[in-house]
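Positions are given from 1 along the sequence. When reading the values below, keep in mind they use all heavy atoms of this one structure, side chains included, and skip hydrogens, waters and symmetry mates. Given the structure is predicted, the values throughout are model-derived calculations rather than measurements.
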Amino acid sequence: MGKALKHLNYCWRVLATGFSFMVFGIGGLLIGILAYPLLLLFTNKHNRQYYGQLVIHWSFKFFVWLMRSLGIFSIEVHHQERLKSSGLYMVANHPTLIDVAILLSMLKQSDCVVKSKLAQNVFTKGPLLAAGYIENNTPEQLLDSCVGALSAGRNLLIFPEGTRTKNLQKLKFKRGAALIALKAQHNILPITIKCTPRMLAKGQKWYRIPASKPHFTIDVGSELEVAGIVDSQEALSIQSRQLNHMLLDYYCEELQIGKTNC
C-alpha cells in the first residue's frame, strides 16, 4: 500500500471510529428511552434480566459488526464453542476500551461487573439498568452479588485488573476475582485478549488510532479447576493470594510477558 493510500486509510479509520462511537451513544440512549421502559412493561422481575441481556448482546453484536465492516479492526476467535455452556465464570484481561463489547457480543447471557460511575452516564445508564449488571460499589456487596450470580447458575464475566491495562508488559490483578471463585467454589474460564497494534488503550483518545488496522485475537482457554490449585487447608486470604498468582502466571504465559513483570 502506497504512502497516500495508507494516509487515506488512516483518515477513514479515524472518521469511522468517531461514527461508530456516535452510533454507540445513540444506541445507549435508545435502550434507556425505549428498550428499558418496554422491559419494565412487558417482563417481570424473574425474566427481565434475561431479556435485557439479550438486548445488550444483539446491540453489541451489531456494534462490533459495524466496526469490523468499516475496517476499524479485525477479529479472530479461538475455541468460541467453550462459551456455549451456562454457569460459566469468565475472567479476561482488559487491554482496550471495547473488550466488554466484543465479549458480550459473543454471549447471549452474562452478568458483568461494571464501574458504578457508568450508571450515572446518560449513554450507559439505560443499558446497565436493562441488563441488570453488577456495579462495583463496595467490595463486600460486589463479592456477594458475584457469588450469588454463580450460585444461581448464571454466567459471570469479570476483568480482574479492575480497569484497562495500563502497561502491557506489567499485569496487576486485584484479588477479587480469586475470592469470588473460592467463595463460590467455582472453576474459572480464562479468556485472553490481544490487540495488535493496540487501540483505545487507557488514557488514549479515541482518535489516536494506530497507523495500521488493529487485529484482535480472542482465545478462550480451558477451565481452571480451582480446587486443584490452592491448598484448602489454608486461610481464605492465603488461598486467594495463591489463586491470584496462578492467574497472573497463566496470563503472563499466554501474553508472553516475563513473570518478573507480573
Exercise. Excluding sequence neighbours, so at least two apart, what forms side-chain hydrogen bond (donor to acceptor under 3.5 Å, both in side chains) with Glu161?
Worked result: Thr165
Exercise. Take atom CZ in Phe24; do more than 12 heavy atoms of anything else shown fall under 6.0 Å from it?
Worked result: no
Exercise. Ring pair (Phe, Tyr, Trp, His ring centres under 6.0 Å): which pairs involve residues 166-185, sequence neighbours left out?
Worked result: Phe173-Tyr251
Exercise. Between Ile56 and Ala131, which heavy-atom pair has the shortest distance, and what is it?
Worked result: CG1-CB, 3.7 Å
Show the atom names and distances, to 0.1 Å, of all donor-acceptor pairs under 3.5 Å that link a side chain in residues 210-218 to residues at least two apart or in another chain.
| unit_1 | atom_1 | unit_2 | atom_2 | d |
| --- | --- | --- | --- | --- |
| His215 | ND1 | Ser74 | OG | 2.6 |
| His215 | NE2 | Glu76 | OE2 | 2.8 |

Seminar exercise, completed: In short, Leu39 meets Arg48 closest at the heavy-atom pair O-NE, 3.5 Å
Exercise. When you look at CD of Glu225, are more than 12 heavy atoms from neighbouring residues, nucleotides or ligands closer to it than 6.0 Å?
Worked result: no
For this session: Before giving the answer on side chain to side chain contact (heavy atoms under 4.5 Å, CB included), spell out for Phe19 and Ile72 the whole-Å C-alpha distance, their side-chain angles and the decisive distance to 0.1 Å.
Result: CA-CA 11 Å; Phe19 173 74; Ile72 297 171; over 6 Å; no
Exercise. At their closest point, which heavy atom of Cys146 faces which heavy atom of Val113, and how far apart are they?
Worked result: SG-CG2, 3.6 Å
For this session: Would you please name every residue forming a side-chain hydrogen bond (donor to acceptor under 3.5 Å, both in side chains) with Ser69, sequence neighbours left out?
Result: Trp65
Exercise. Does anything in residues 94-113 pair up under side chain to side chain donor-acceptor pair (under 3.5 Å), and if so which pairs, sequence neighbours excluded?
Worked result: Gln49-Asp111, Gln53-Gln109, Gln53-Asp111, His94-Asp99, Thr96-Asp99, Asp111-Arg154
For this session: Might you point out which heavy atoms bring Arg82 and Leu88 nearest each other, and give the distance in Å?
Result: O-CD1, 3.6 Å
For this session: If a pair satisfies ring pair (Phe, Tyr, Trp, His ring centres under 6.0 Å) and one of its residues is in residues 96-117, list it, with sequence neighbours excluded.
Result: none
Exercise. Take atom OH in Tyr51; do more than 12 heavy atoms of anything else shown fall under 6.0 Å from it?
Worked result: no
For this session: Check for a donor-acceptor pair, side chain of Arg208 on one end and backbone N or O of Ala201 on the other, with a separation under 3.5 Å.
Result: no
Exercise. Should side-chain heavy atoms under 4.5 Å link Ile, Leu, Val, Met, Phe, Trp and Tyr, which residues sit in the same cluster as Phe42?
Worked result: Leu38, Leu41
For this session: Only pairs at least two apart or in different chains count here, so list each side chain to side chain donor-acceptor pair (under 3.5 Å) that has a residue in residues 180-202.
Result: Thr163-Lys202
For this session: Return the set of residues passing ring-ring contact (aromatic ring centres under 6.0 Å, His included) with Tyr50 (not counting sequence neighbours), or none when no residue passes.
Result: none
Exercise. Taking a hydrophobic cluster as the set of Ile, Leu, Val, Met, Phe, Trp and Tyr residues connected by side-chain heavy atoms closer than 4.5 Å, whether directly or through intermediates, do Leu30 and Trp58 fall within one such cluster?
Worked result: no
Problem set entry | Shortest non-hydrogen contact from Phe63 toward Ala101 | CD2-CB, 4.2 Å
Problem set entry | Sequence-distant partners of Ser59, side-chain hydrogen bond (donor to acceptor under 3.5 Å, both in side chains), two or more places apart | none
Problem set entry | side-chain hydrogen bond (donor to acceptor under 3.5 Å, both in side chains) partners for Arg164, two or more places apart | none
Problem set entry | Shortest non-hydrogen separation from Trp206 to Leu200 and the atoms involved | CA-CD2, 3.8 Å
For this session: Evaluate side chain to side chain contact (heavy atoms under 4.5 Å, CB included) for Ile191 paired with Leu83, printing each intermediate quantity in order.
Result: CA-CA 10 Å; Ile191 301 174; Leu83 298 176; 4.0 Å; yes
Exercise. Does anything in residues 11-27 pair up under side chain to side chain donor-acceptor pair (under 3.5 Å), and if so which pairs, sequence neighbours excluded?
Worked result: Asn9-Arg13
